[in-house]
Amino acid sequence: MEHSQATNVSTHSRRVLVTGGGGFLGKAIVQKLIERGDRVTSFSRSSYAALERMGVEQIKGDLGDRPAVAIACRGKDIVFHVAAKAGFWGPYKEYFHANVLGTENVISACLDQNVPYLVYCSSANVLNHGNGSMEGADETVPYPKSFLTSYQKTKALAEQKVVAAAADRLKTIVLRPHHIWGPGDRHFIPRILDWADKIRMVGDGKNLSDNIYIDNAAEAHLQSGDALRENNDLSGRIYFISQGEPVYLWDMINNLLKTGGKSPVTRSISRQKAYAIGALLELVYKVFHLKSEPRMTRFLANELSAAQWFDISAARKDWGFNPKVTTEEGLKQLKKWLEDNQYETD
């Protein structure tokens, strides 16, 4: 489905494709692109009323459909590849289809259609080895020898393909955000608010973790794309992005609960017990071919109990990344959004 573009665009605006433009991060990127006068196309499996109201051209299709991806990339000056299959449970082939094959198709389309720049949204979770903390890690840290989830493995494979594609005809950058949150989130925030009475702290609550507010994550994509145009030497590089300072994960979770009018988490469970429960549930779900997601997994037990924070000095140095929206201001904006919207869908 296609819709007309907004008419008040700059004569110097760029033609931009955002894959997954109707999603949480994708829509925030689209909004910022529209605000500065770019002509935006979204490629998603569905069409979205919010994008239609913005005057965004929408192309419906699957990332696994190479000809459809090529059509979406035609005539574009830059592609922000944000669409992915997220989550930490499910058949590997589904994650591979969306995250690896889909990224291969985006890269091929950029090359075939002479798109000069590609910004790929990955995840800091590609380094989560599931057995301890990650403190102050930078982009030189290698991938783990094995992955606990299909999501991690396929995002890591996709990263490597984007880096390898960096050449004369295509300049690329990979961004690794961690725990994106804020207004417009229809998945993570509603889930923790719905589960507020059932959540238990895993570990002692003293594990530092990174996060990033949605507007800062979106701005980082635009800023890195602009920097890539100005300095081709950045091509092929990977960058962590975050709020700039790690916080205690469980303090952040309690702040989010408070913002949604819920009580803080008071009950706890040891990391070892949570990890064992996660391993058991994974086995049960695999043996009985259960399609729903387990409440606990080994990955989740580690994510909730271990330190997970990263060095963003490379992004600061290379392209001036500086998260503008503070966590305090972000929580205020989230509270207002929750009060205005509750869990309405587009």
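- The six-membered or imidazole ring of Tyr248 lies away from that of Trp250, with a centre-to-centre distance of 6.0 Å or more.
- Side-chain contact, His178 with Ser242: no donor N or O sits under 3.5 Å from an acceptor N or O.
- Between Leu170 and Leu118 there is a side-chain heavy-atom pair separated by less than 4.5 Å.
- The distance from atom CD1 of Ile29 to atom OG1 of Thr19, rounded to the nearest 0.5 Å, is 8.5 Å.
- A salt bridge links Glu159 with Arg176: the closest approach of a Lys/Arg side-chain nitrogen to an acidic carboxylate oxygen falls below 4.0 angstrom.
- Between Arg39 and Lys76 the shortest side-chain heavy-atom distance does not fall below 4.5 Å.
- Of the possible polar contacts, one joining the Ser123 side chain to the Asn125 backbone as a donor-acceptor pair under 3.5 Å is found.
- Here the CG atom belonging to Leu300 is positioned 11.0 Å from the CZ atom belonging to Arg295, to the nearest 0.5 angstrom.
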Would Trp89 and Tyr285 count as a side chain to side chain contact (heavy atoms under 4.5 Å, CB included) here? Give the steps. CA-CA 10 Å; Trp89 189 254; Tyr285 274 62; 3.4 Å; yes
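- Side-chain contact between Ile277 and Ile269 is present, with at least one heavy-atom pair separated by less than 4.5 Å.
- Between the side chain of Gln308 and the backbone N or O of Glu303 there is no donor-acceptor pair closer than 3.5 Å.
- Contact of the Leu148 side chain with the Thr297 side chain is not registered, since no non-hydrogen atoms from C-beta on lie closer than 4.5 Å.
- Ionic pairing of Asp65 and Lys60 is not present here: no N-O contact between side-chain nitrogen and carboxylate oxygen is shorter than 4.0 angstrom.
- Lys32 NZ: more than 12 foreign heavy atoms inside a 6.0 Å radius.
- Taking the six-membered ring for Trp and the full ring otherwise, Tyr213 and Trp181 have centroids separated by under 6.0 Å.
- Rounding to the nearest 0.5 angstrom, the gap separating the CG atom in Leu63 from the CG atom in Leu101 is 8.5 Å.
- Between the OG atom of Ser263 and the NZ atom of Lys258 there is a distance of 11.5 Å, given to the nearest 0.5 Å.
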Is there a side chain to side chain contact (heavy atoms under 4.5 Å, CB included) between Thr259 and Ile189? Walk through the geometry before answering. CA-CA 10 Å; Thr259 299; Ile189 298 294; over 6 Å; no
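- Taking CG of Leu249 as the reference point, atom NZ of Lys206 lies at 12.5 Å (rounded to 0.5 Å).
- In the displayed structure, Glu35 atom CD is contacted under 6.0 Å by more than 12 heavy atoms of other residues, nucleotides or ligands.
- Asp251 pairs by the salt bridge (charged side-chain N to carboxylate O under 4.0 Å, His left out) definition with nothing, not counting sequence neighbours.
- Of the possible polar contacts, one joining the Asp210 side chain to the Phe310 backbone as a donor-acceptor pair under 3.5 Å is found.
- Placement of Met296 and Tyr275 in two distinct hydrophobic clusters is found when ILVMFWY residues are connected by side-chain heavy-atom separations under 4.5 Å, directly or transitively.
- Transitive grouping of hydrophobic side chains (ILVMFWY, heavy atoms separated by less than 4.5 Å) brings Leu256 and Trp337 into a common cluster.
- Residues Val100 and Lys161 are in side-chain contact: their nearest non-hydrogen atoms beyond the backbone lie under 4.5 Å apart.
- Under the side-chain contact (heavy atoms from CB on, under 4.5 Å) rule, Lys171 has a single partner from Val115, Leu234, Leu228, which is Leu228.
- At distances below 3.5 Å, not a single donor-acceptor pair connects side-chain atoms of Asn254 with backbone N or O atoms of Pro264.
- The backbone N or O of Arg298 lies less than 3.5 Å from a partner atom in the side chain of Glu282, making a donor-acceptor pair.
- A 4.5 Å side-chain heavy-atom check between Phe188 and Phe24 finds every atom pair outside the cut-off.
- Linking ILVMFWY side-chain heavy atoms closer than 4.5 Å, directly or via other members, places Leu257 and Leu338 in a single hydrophobic cluster.
- Val141 and Leu157 end up in different hydrophobic clusters when Ile, Leu, Val, Met, Phe, Trp and Tyr side chains are linked at under 4.5 Å.
- At distances below 3.5 Å, at least one donor-acceptor pair connects side-chain atoms of Lys155 with backbone N or O atoms of Cys121.
- Ion pairing between a basic and an acidic side chain is recognised when a charged N comes within 4.0 Å of a carboxylate O; Asp226 and Arg36 show such pairing.
- Ring-plane geometry between Tyr151 and Tyr95 is classed as perpendicular, the angle between the planes exceeding 60 degrees on a 0 to 90 degree scale with a lower cut at 30.
- With sequence neighbours excluded, the residues that form a ring-ring contact (aromatic ring centres under 6.0 Å, His included) with Phe299 are Phe88.
- Around CD of Glu329, the count of heavy atoms belonging to other residues, nucleotides or ligands within 6.0 Å exceeds 12.
- A 6.0 Å sphere centred on NZ of Lys335 holds no more than 12 heavy atoms belonging to other residues, nucleotides or ligands.
- Of the possible polar contacts, none joining the Asn231 side chain to the Ala227 backbone as a donor-acceptor pair under 3.5 Å is found.
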Working for side chain to side chain contact (heavy atoms under 4.5 Å, CB included), residues His97 and Asp62: CA-CA 10 Å; His97 177 86; Asp62 187 283; 2.8 Å; yes
Test side chain to side chain contact (heavy atoms under 4.5 Å, CB included) applied to His221 and His81, step by step: CA-CA 10 Å; His221 282 73; His81 181 30; over 6 Å; no
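- Within the 4.5 Å cutoff, no side-chain heavy atoms of Val18 are placed close to those of Phe43.
- The OG atom of Ser122 lies 10.0 Å from the CD atom of Gln160; values are rounded to the nearest 0.5 Å.
- A donor and an acceptor atom, one from each side chain of Gln243 and Thr327, are located under 3.5 Å apart.
- Judged by distance alone, the side chain of Asp215 and the main-chain N or O of Val325 form no donor-acceptor pair under 3.5 Å.
- Side-chain contact between Glu135 and Trp309 is present, with at least one heavy-atom pair separated by less than 4.5 Å.
- Proximity of a side-chain donor or acceptor of Asp311 to a complementary backbone N or O of Ser313 within less than 3.5 Å is detected.
- Of all the heavy atoms in Gly20 and Ala83, the pair that sits closest is N-CB, 3.5 Å.
- Under 4.0 Å is where a charged nitrogen must lie from a carboxylate oxygen, and between Arg237 and Asp318 at least one such pair does.
- Side chain of Asn211 to backbone of Ile180: no donor-acceptor contact under 3.5 angstrom is found.
- There is a path of hydrophobic side-chain contacts, each under 4.5 Å, that joins Leu111 to Tyr120.
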Residue pair Glu57, Arg15: steps toward the salt bridge (charged side-chain N to carboxylate O under 4.0 Å, His left out) verdict: CA-CA 11 Å; Glu57 178 187 25; Arg15 298 161 297 176; over 6 Å; no
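- Applying the salt bridge (charged side-chain N to carboxylate O under 4.0 Å, His left out) criterion to Lys332, with sequence neighbours excluded, gives no partner residue.
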